[in-house]
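Have a look at the structure below before the remarks.
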Amino acid sequence: MPAELRERLVELLRWIDPGPAATHLVSDISGWWRDPEVLAALGPALVEPFRPARPTVVVAPAVTGLLVGPLAATALGVGFVPAHKPGDGRLPAGPLTWAQSPPDFRGRRVDLAVRERHLGRGDRVLVVDDWVATGAQVRALYDICAARGAEPVGTAAVAVDCPPEVAADLRIRGLLTGTDLHG
């Protein structure tokens with residue numbers, strides 16, 4: 001990945017104090033989506049480490065994964081499958097395969113689903129997301145792949161802030177690390 005892209009991603013990230021009731025700062029990555037050069041570079045940079053695995057489809061979770069997932073799919077020349085959450089109000093009609101994540105960084109278990117007709121045997125899946133803090137949603141997406149007979153080849157994320165052993169176990173590669181994010 002070009003050093004300029006990493007520097008620009010860090011520069012565009014903002015940490016916001018949501019107020020006195022908050023226990024931690026909240027990341028604002030909206031600058032990533034506003035910058036046309038960053039937007040153009042994200043897809044190719046995310047998929048580069050996974051090209052040798054020859055993914056046949058990209059899967060990404062709602063909400064911000066739905067922004068970065070299609071960029072990665074386009075860079076690979078493959079299709080994109082969104083993973084839906086019941087709370088986003090946009091569950092598709094038809095048969096869905098569901099999985100529930102282990103607890104995430106807030107202690108929540110997240111339900112995720114994909115349309116069964118879009119993921120199946122023989123698919124080599126690259127999971128893509130903007131930020132991986134615990135790997136919980138990645139695990140749920142890998143469970144969906146297993147249930148559909150698809151093979152996850154790894155996960156590409158803009159920011160990886162999970163423990164190194166989790167990243168190694170789930171084959172997560174990122175453009176930014178926790179050190180980049182927190183200084």
Side-chain angles (χ1 to χ4, degrees), residues 1-2 5-6 9 29 32-33 38-85 88 90 92 95-102 104-105 110-178 180-181:
M1 173 185 65
L5 177 58
R6 176 179 281 118
L9 288 167
I29 59 172
W32 296 349
W33 317 129
V38 167
L39 205 56
L42 276 177
L46 285 166
V47 304
E48 193 57 37
F50 296 97
R51 283 189 187 281
R54 297 189 345 252
T56 61
V57 66
V58 169
V59 173
V63 172
T64 49
L66 302 185
L67 294 168
V68 73
L71 296 174
T74 300
L76 284 170
V78 301
F80 171 70
V81 176
H84 302 276
K85 297 175 185 175
D88 67 14
R90 297 186 177 265
L96 302 170
T97 297
W98 288 90
Q100 186 177 74
S101 76
D104 67 7
F105 69 100
V110 177
D111 293 314
L112 293 161
V114 300
R115 280 190 168 118
E116 290 183 357
R117 67 187 175 107
H118 293 308
L119 191 63
R121 296 206 181 288
D123 275 322
R124 298 176 52 75
V125 180
L126 177 60
V127 171
V128 175
D129 207 352
D130 63 331
W131 198 298
V132 177
T134 65
Q137 290 187 61
V138 171
R139 288 184 195 281
L141 292 172
Y142 284 13
D143 288 346
I144 290 171
C145 289
R148 301 295 310 141
E151 177 190 354
V153 299
T155 296
V158 179
V160 177
D161 199 20
C162 62
E165 60 275 8
V166 172
D169 180 49
L170 297 174
R171 300 171 315 279
I172 301 170
R173 300 283 302 269
L175 305 180
L176 299 175
T177 67
D180 297 324
L181 300 167

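Just the heavy atoms: all of them, side chains too, but no hydrogens, waters or symmetry mates, feed the values below. From a predicted model like this one, the values you see are computed outputs, not experimental measurements.
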Please report the C-alpha distance between Val110 and Gln100 in whole Å, then the side-chain angles of each, then the deciding distance to 0.1 Å, and finally whether the side-chain contact (heavy atoms from CB on, under 4.5 Å) criterion is met. CA-CA 6 Å; Val110 177; Gln100 186 177 74; over 6 Å; no
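- Using a 4.5 Å heavy-atom threshold, the side chains of Val158 and Trp131 count as separate.
- The closest side-chain heavy-atom distance from Phe80 to Thr74 is not below 4.5 Å.
- Residues Arg171 and Thr155 have side chains not in contact (no heavy-atom distance under 4.5 Å, counting atoms from C-beta outward).
- When all heavy atoms of Ala156 and Leu126 are compared, the closest pair comes out as N-CD1, 4.0 Å.
- Judged purely by distance below 3.5 Å, without hydrogens or angles, the side chains of Asp104 and Thr134 never pair a donor atom with an acceptor atom.
- Side-chain contact check for Leu71 versus Leu67: every heavy-atom pair is 4.5 Å or farther apart.
- A donor-acceptor pair under 3.5 Å is formed between the side chain of Arg124 and the backbone N or O of Ala53.
- We find the OG1-CG distance between Thr56 and Leu119 to be 8.0 Å, quoted to the nearest 0.5 Å.
- Under 4.0 Å is where a charged nitrogen must lie from a carboxylate oxygen, and between Arg6 and Asp180 at least one such pair does.
- Side-chain contact between Pro61 and Asp129: present, with at least one pair of heavy atoms (C-beta onward) separated by less than 4.5 Å.
- When all heavy atoms are compared, the tightest approach of Val132 to Ala157 is CG2-CB, 3.7 Å.
- Going from atom CD1 of Ile172 over to atom CG of Asp161 covers 11.0 Å, rounded to the nearest 0.5 Å.
- Summarising the geometry of Ala133 relative to Phe105, their closest heavy-atom pair is CB-CD2, 4.1 Å, with the distance given to 0.1 Å.
- Judged purely by distance below 3.5 Å, without hydrogens or angles, the side chains of Thr97 and Glu116 pair a donor atom with an acceptor atom.
- Nearest heavy-atom pair across Ala72 and Val128 is CB-CG2, 3.8 Å.
- Atom CZ of Arg148 is separated from atom CG of Asp143 by 14.0 Å, given to the nearest 0.5 angstrom.
- The nearest pair of heavy atoms linking Ala45 to Leu5 is CB-CD2, 3.6 Å.
- In this structure, CH2 on Trp32 lies 5.5 Å from CG on Leu176, to the nearest 0.5 angstrom.
- The shortest side-chain heavy-atom distance between Leu9 and Leu42 falls under the 4.5 Å cut-off.
- Taking CG from Asp130 and CG from Leu66, the interatomic distance works out to 10.0 Å, rounded to the nearest 0.5 Å.
- The heavy-atom pair separating Ala60 from Gly69 by the smallest distance is CB-CA, 4.0 Å.
- Taking the side chain as every heavy atom from C-beta outward, Leu170 and Arg139 approach each other to under 4.5 Å.
- By the side-chain contact (heavy atoms from CB on, under 4.5 Å) test, Arg54 is found to be paired with no residue, residues two or more places apart in sequence or in another chain being considered.
- Inter-residue side-chain proximity for Lys85 and Leu112 is flagged as met; some heavy-atom pair is nearer than 4.5 Å.
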